[in-house]
Amino acid sequence: MAEKSSRRQILERSLADDPDDPFLRYGLALQCLGESDTREGRDRLIALIADLPDAPETVAACQQLGQSYLDSHDFELARQALEAGIAKAQKQGHAHAAAEMNGLLAQLD
């Protein structure tokens, strides 16, 4: 694994002060994915979705998780993440996010 970036370290320190902050948790997951630490990034997205299922950030977390699985050709896991994200987006009234995830799902058919 590559050395941790200063941005990642800042996010980790911030999360130590507020471990339930969904925005920080989402940001750290994306930072991990951006650093090609795919396993940790996915694990963090999965944990965010499970721990804070009604947080607005979980819609984006599902979308990013689905995209990550698409990128690695894990199509069944991508489908599961995207379908969960669409349901969350519809429940929270995020029509644009639901449409984007439906577009990603269409790539699987």
Side-chain angles (χ1 to χ4, degrees):
M1 178 174 66
E3 187 173 323
K4 290 183 181 179
S5 70
S6 60
R7 178 177 291 154
R8 184 169 172 175
Q9 290 170 336
I10 290 166
L11 287 166
E12 288 172 341
R13 283 193 300 268
S14 296
L15 270 172
D17 293 335
D18 190 1
D20 292 326
D21 184 302
F23 184 74
L24 290 173
R25 291 177 68 175
Y26 178 71
L28 181 55
L30 292 187
Q31 187 66 34
C32 292
L33 290 174
E35 293 174 358
S36 298
D37 192 351
T38 305
R39 172 53 36 213
E40 182 164 352
R42 287 178 181 168
D43 288 347
R44 288 183 175 280
L45 290 171
I46 291 166
L48 171 59
I49 294 163
D51 295 346
L52 303 167
D54 296 325
E57 290 80 3
T58 62
V59 172
C62 288
Q63 184 171 352
Q64 290 298 322
L65 185 60
Q67 182 65 61
S68 175
Y69 286 133
L70 273 174
D71 293 345
S72 63
H73 304 282
D74 293 324
F75 299 124
E76 185 53 36
L77 292 173
R79 182 179 304 283
Q80 291 171 16
L82 293 169
E83 287 174 349
I86 291 166
K88 287 179 178 296
Q90 290 171 338
K91 181 179 178 184
Q92 294 181 17
H94 298 293
H96 182 76
E100 285 185 10
M101 286 184 273
N102 272 311
L104 291 172
L105 267 181
Q107 296 177 26
L108 298 174
D109 297 329

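As a basis for the values below, the full set of heavy atoms in this structure was taken, side chains included, without hydrogen atoms, waters or symmetry mates.
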Evaluation steps, side chain to side chain contact (heavy atoms under 4.5 Å, CB included), between L77 and L65
CA-CA 9 Å; L77 292 173; L65 185 60; over 6 Å; no
Kindly state each residue pair satisfying salt bridge (Lys or Arg N to Asp or Glu O under 4.0 Å) with at least one member in residues 16-31, sequence neighbours excluded.
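Residue pairs passing salt bridge (Lys or Arg N to Asp or Glu O under 4.0 Å), neighbours aside: R25-D51.
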Within residues 82-91 or reaching into it, pairs that qualify as salt bridge (Lys or Arg N to Asp or Glu O under 4.0 Å) - sequence neighbours excluded
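As it turns out, the salt bridge (Lys or Arg N to Asp or Glu O under 4.0 Å) pairs with a partner in residues 82-91, which skip direct neighbours, are D54-K91.
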Give me the other members of the hydrophobic cluster that L28 sits in, counting Ile, Leu, Val, Met, Phe, Trp and Tyr linked by side-chain heavy atoms under 4.5 Å, directly or via other members.
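Result for L28 is L11, L15, L24.
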Do L104 and V59 sit in the same hydrophobic cluster, where Ile, Leu, Val, Met, Phe, Trp and Tyr count as joined when their side-chain heavy atoms come under 4.5 Å apart?
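Yes.
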Check whether M101 and L33 end up in the same hydrophobic cluster, where Ile, Leu, Val, Met, Phe, Trp and Tyr are linked by side-chain heavy atoms less than 4.5 Å apart.
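The answer is no; the residues belong to distinct hydrophobic clusters.
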Under the salt bridge (charged side-chain N to carboxylate O under 4.0 Å, His left out) rule, collect the residues that match up with R13, sequence neighbours excluded.
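So R13 forms no salt bridge (charged side-chain N to carboxylate O under 4.0 Å, His left out) with any residue.
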Set of residues satisfying salt bridge (charged side-chain N to carboxylate O under 4.0 Å, His left out) with respect to D74, sequence neighbours excluded
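Partners of D74 under the salt bridge (charged side-chain N to carboxylate O under 4.0 Å, His left out) test: R42.
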Could you note down all residue pairs passing side-chain hydrogen bond (donor to acceptor under 3.5 Å, both in side chains) where residues 56-65 supplies at least one of them, sequence neighbours left out?
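Output for this query lists Q63-E100.
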Suppose we screen for ring-ring contact (aromatic ring centres under 6.0 Å, His included). Which residues come up paired with H73, at least two apart in sequence or across chains?
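For H73, the residues satisfying ring-ring contact (aromatic ring centres under 6.0 Å, His included) (neighbours in sequence not counted) are F75.
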Test side-chain contact (heavy atoms from CB on, under 4.5 Å) applied to A84 - qualifying residues, sequence neighbours left out
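A84 satisfies side-chain contact (heavy atoms from CB on, under 4.5 Å) with C62 once adjacent residues are dropped.
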Just jot down the side-chain contact (heavy atoms from CB on, under 4.5 Å) partners of N102, sequence neighbours excluded, or say none.
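Result, side-chain contact (heavy atoms from CB on, under 4.5 Å) vs N102: I86, L105.
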Check whether any side-chain heavy atom of L70 sits under 4.5 Å from a side-chain heavy atom of L108, and report yes or no.
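Touching, per the 4.5 Å side-chain cut-off.
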Quick one: does T38's side chain get under 4.5 Å of S72's, heavy atoms only?
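Side chain of T38 against side chain of S72, heavy atoms only: no contact under 4.5 Å found.
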Would you list the pairs meeting ring-ring contact (aromatic ring centres under 6.0 Å, His included) in which at least one residue belongs to residues 13-33, sequence neighbours left out?
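Sorted pair list comes back empty.
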Nearest heavy-atom pair of Q92 and A55: which atoms, and what distance?
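Minimum heavy-atom contact is NE2-O, 3.5 Å.
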Salt bridge present between E40 and R8 (N-O < 4.0 angstrom)
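R8 and E40: salt-bridged.
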